[in-house]
Number of protein chains: 2
Amino acid sequence: MNTRNLTLLTDLYELTMMQGYFEKQQTETVIFDMFYRSNPSKGGYAICAGLEQVIDYVKNLHFDEADVEYLRSLGIFKEPFLAYLRDFKFSGSIYAIPEGTVVFPQEPLVKVIAPILEAQLVETAILNIINHQSLIATKASRIVYAAGSGVMEFGLRRAQGPDAGIFGARAAMIAGCVGTSNVLAGQAFDVPVMGTHAHSWIMTFEDEYTAFKHYASLYPDNCTLLVDTYDTLKSGVPNAIRVFQEFKASDTPLKRFGIRLDSGDLAYLSKEARKMLDSAGLQEAYITASNDLDEYLIHDLKMQQAKIDSWGVGTNLITSEDCPAFGGVYKLAAVSDGGGNFIPKIKISENSAKITNPGDKTVHRIYEKESGKIKADLISFADETFNSEDDLLLFDPIDTWKKTLMKGGTYEVRELLTPIFKDGACIYHSPSVKEIAAYCQQEKDTLWDETKRLFYPHPVFVDLSQKLYDVKQELLNKLG
Amino acid sequence: MNTRNLTLLTDLYELTMMQGYFEKQQTETVIFDMFYRSNPSKGGYAICAGLEQVIDYVKNLHFDEADVEYLRSLGIFKEPFLAYLRDFKFSGSIYAIPEGTVVFPQEPLVKVIAPILEAQLVETAILNIINHQSLIATKASRIVYAAGSGVMEFGLRRAQGPDAGIFGARAAMIAGCVGTSNVLAGQAFDVPVMGTHAHSWIMTFEDEYTAFKHYASLYPDNCTLLVDTYDTLKSGVPNAIRVFQEFKASDTPLKRFGIRLDSGDLAYLSKEARKMLDSAGLQEAYITASNDLDEYLIHDLKMQQAKIDSWGVGTNLITSEDCPAFGGVYKLAAVSDGGGNFIPKIKISENSAKITNPGDKTVHRIYEKESGKIKADLISFADETFNSEDDLLLFDPIDTWKKTLMKGGTYEVRELLTPIFKDGACIYHSPSVKEIAAYCQQEKDTLWDETKRLFYPHPVFVDLSQKLYDVKQELLNKLG
């Protein structure tokens, strides 16, 4: 999958602008930031994901003969520019926040420093990949938070195309799902694949009991029986109990076993099924639920003491149903003056929140030393350093009178942006999905409970350094 | 792109069920129907799409050595079954409603007739592909309906991964968009690519006028200037007018030219910009708008006489924002009795709308002869025929007292399901995307205006033949 040529996975205007820069012989280095403006699903944070696929894309960037021929056929590109494309190779540098990190609005998740033609070309694909995977990782994280544990990603059939299923499963695993039904994702990313059987399995047998019995004898290590084909409590659960008891009494007992509820009221049915299983001496049988689940329904089912041990979540996870786009943007932040310095650039807007942060920047995370929790994030120029032994005054970049003094020694600082490409060469080794998932779990532990809440969470403050704030004001005053 | 091996793009349970059928030596032929239960976005219809990619997928179905090795590593598949997979080839038959057809709930869009192992395997990918493209085609059709014409698909950066961008663009073109910004989709499907420039183009020049001037000299055949980088009415439009007038007075006039509005109130700004352009003698300059458009906003902007000639629609189209999943399902309809007959199967549910239609079926569309509009669709057994010279009594399958008598000679009948694969061989040639788009336009013309309406449309009736209705009732009574 990594060898697909996605070079033309770009908006036409990137190429028309590139030709413009090419004809004017604009070779200056520029800086673009990829960031987002508000958390999906009105949440308190996002989980960034997709970097490994961005790396694959950048490494593989090249216009092959068919690409050049196609562009020529459009009749708007001239031969010298097409010749330039034929030899195109990404020569810039990229910084990014590692996958699985908890992130907040306005922070550069990806920073591209490259000659203007190259920096422009990669815009669309970087946005496409990071927007998608960060969206699904964030949604999955919310669902895992609501469930506590045991969330399985079951959405492939409703995903927006093959990639949405494959990379959506990847993002879901990063954010804490315990497995996916998607076999191709299991193969590609070495993550657990899970699943049971469909109603059609039951319907091809003479009766439900026989269908269950066959399934159990096939998969004795982990046997989940779907109990709602005919009638959950009158037929499905009794037949499952009969099969479980028969195996329990036999020489070949099932190792792990349980039932799956896939329709009806999951709170009521799970409580009734739990009682029936327990009365039958099958306390070890687990109950899995599926059917249009999301974090809100899971939250309510748990409030109502539903007896559900694991959750198969499909459509609403894999499409991020209540918020199906991440909204990341890619904005020019600085232009080289040719002498080794970057001139900060700003994009103004009538909407204050849409005004960009100018210059070559980085992100520092400030942790409260005692709790290890995130106190705030600080966007600064890339060459600014912060010594955790010094006092640090944080202030809100809009309501500047809102100030917090961090006393030296009470906090810790960590820079989030990490070098990925240097002068065209990849200098970063992507961790495995399992490693990213373990890191993501640690990351979520640095959030206060108030920020993890599903509804009206407490926002984490993303502040600007004094120096960045001053330069931004100066630019705004000039333009105003 | 057609050569990607998507054989493992399946839910694990398809494979575990397959092994179960394999071990029981179940080789009977079965019939599965793919259909959906309600129109996206509370609309009156859907547009089916994705068949060409389903064909590519089925043609290319094979488990290569790495696939078999991966499945072996899971520890749940036995060697005889893995050997079967190594030699797997799809040998069944597939019928489908051609892409671009207007379709309604409950109708089989795809019918798979195959040995049970094969029919089970293809479930997930067929659902993934048809669900995605039908969703986006339907959403795009609604947006095109609201706009009247001139809708451009600009959503790649917010699509749910590369495929969602590529095949979403394909579906959007089928449904009537005039072009896409996605260059890879343009190349893959031979459809027009479109675009202008970004704010970053303006920001790398000393001033907006100079940036416009350069852009116009580069692209004199079709020059769209983005006018909202600094201030739309005070800076952007006046600078664009200056450039347009200079070119108009020169030896090298622009062929087609206009402006793009990308922020602010598009009704107000478009009317003001139109006045300014007209006063400057630039009646031929067009106005394009973008910025979080969907069918609802476009509908309102047009109600308010916004002076917008074309529409760049991104996020809300490419994700079908208000309804990001199509909800198609794949259900067992019949099992062969080994003697050439199919035994109808039914899946019951407490929810009447979720009860499946049993048997080997097809779909006939009934047109009113006089208007050419759709009167109703009729789901029947595949071997039933309808002669348009005979009287035809249609009745609602839930409220059976609701009846319509179609007098012989006043209607026409067309069968929608078309043979695609016969005994494993593809016998269908997919039309080009442009051809499908032209056919889709004809299809939409067969809908009454009342059904095309965005809000509370009049539903098209999907009825059952008397014979199918009777068999369904018989099966229900047996199970009840």
Side-chain angles (χ1 to χ4, degrees), chain A residues 6 8-13 15-17 19-20 23-24 26 70 74 76 116 120 124 127-128 131-132 156-165 167 181-184 187 193-201 203-204 214-215 218-219 230 263-264 315 319 321 324-325 332 335 345 347-349, chain B residues 6 8-13 15-17 19-20 23-24 26 70 74 76 116 120 124 127-128 131-132 156-165 167 181-184 187 193-201 203-204 214-215 218-219 230 263 315 319 321 324-325 332 335 345 347-350:
Chain A
L6 295 178
L8 292 191
L9 190 77
T10 187
D11 291 309
L12 180 67
Y13 81 175
L15 290 163
T16 52
M17 284 191 281
Q19 175 165 261
E23 294 224 341
K24 292 203 310 132
Q26 271 187 262
Y70 170 67
L74 297 177
I76 53 175
I116 189 162
Q120 197 72 67
T124 312
L127 286 173
N128 174 281
N131 274 336
H132 171 233
L156 176 56
R157 63 190 55 201
R158 302 285 171 79
Q160 295 192 351
D163 283 342
F167 298 112
S181 66
N182 183 335
V183 182
L184 191 51
Q187 179 189 41
V193 285
M194 298 180 170
T196 58
H197 61 79
H199 298 114
S200 58
W201 172 267
M203 290 162 70
T204 54
H214 265 99
Y215 196 81
L218 269 165
Y219 301 106
Y230 300 115
S263 59
T315 310
T319 64
E321 197 275 344
L332 183 69
V335 177
K345 291 278 175 177
K347 163 81 180 75
I348 58 171
S349 167
Chain B
L6 294 178
L8 292 191
L9 190 77
T10 187
D11 290 309
L12 180 67
Y13 82 175
L15 291 164
T16 53
M17 284 190 281
Q19 175 165 262
E23 295 223 342
K24 292 202 309 131
Q26 271 188 262
Y70 170 69
L74 296 177
I76 53 177
I116 189 163
Q120 196 71 67
T124 313
L127 287 173
N128 174 281
N131 274 335
H132 172 231
L156 177 55
R157 62 189 56 198
R158 301 286 170 79
Q160 296 192 351
D163 283 343
F167 298 112
S181 67
N182 183 335
V183 182
L184 191 51
Q187 180 190 39
V193 286
M194 298 182 170
T196 58
H197 60 79
H199 298 114
S200 57
W201 171 267
M203 290 163 71
T204 54
H214 264 100
Y215 195 82
L218 270 163
Y219 301 107
Y230 302 114
S263 59
T315 310
T319 65
E321 198 275 344
L332 183 69
V335 176
K345 292 278 174 175
K347 162 82 182 77
I348 58 170
S349 167
E350 287 175 35

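Below, chain A is the first sequence line, B the second, and so on; all start at residue 1.
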Nearest heavy atoms of Leu184(A) and Leu6(B), plus distance in Å: CD2-CD2, 4.1 Å
Those residues that, when tested against Ser181(B), pass side-chain contact (heavy atoms from CB on, under 4.5 Å) (two or more places apart): Asp11(A), Phe154(B)
Choice from Leu15(B), Leu9(B), Val193(B), Leu218(B) maximising heavy atom contacts with chain A below 4.5 Å: Leu9(B)
Trp201(A) and Gln120(B), any side-chain heavy atoms less than 4.5 Å apart: no
Over all atoms of both residues, closest heavy-atom pair of Asn128(B) and Pro162(A): OD1-N, 3.1 Å
Flag, side chain of Lys347(B) to backbone of His199(A), donor-acceptor distance under 3.5 Å: no
Proximal component of His214(B), with respect to chain A [non-hydrogen, under 4.5 Å]: side chain
Among Thr204(A), Ile116(A), Leu127(A), Thr16(A), residue most engaged with chain B (heavy-atom pairs, under 4.5 Å): Thr16(A)
Leading residue by heavy atom contact count with chain A [cutoff under 4.5 Å; candidates Leu74(B), Val335(B), Thr10(B), Ile76(B)]: Thr10(B)
Separation of Met203(B) CE from Ile348(A) CD1 (nearest 0.5 Å): 9.5 Å
Least distance between heavy atoms, Tyr13(B) atom then His197(A) atom: CD1-C, 3.4 Å
Atom group of Glu23(B) that falls short of 4.5 Å from chain A, counting heavy atoms: side chain
Closest non-hydrogen atom pair between Ala198(A) and Met17(B), with its separation: N-SD, 3.3 Å
Side chain / backbone / both / neither for Ser263(B) at chain A, heavy atoms under 4.5 Å: neither
Tyr219(B) to Gln19(A) - nearest heavy-atom pair and separation: OH-NE2, 3.2 Å
Exercise: identify the closest heavy-atom pair between Gln160(B) and Pro324(A): NE2-O, 2.9 Å
Choice from Thr315(B), Thr196(B), Leu332(B) maximising heavy atom contacts with chain A below 4.5 Å: Thr196(B)
Choice from Gly195(B), Gly161(B), Ala159(B) maximising heavy atom contacts with chain A below 4.5 Å: Gly161(B)
Atom group of Asn131(B) that falls short of 4.5 Å from chain A, counting heavy atoms: side chain
Criterion side chain to side chain contact (heavy atoms under 4.5 Å, CB included) against Thr124(B), the qualifying member of Asn182(A), Val183(A), Leu156(A): Leu156(A)
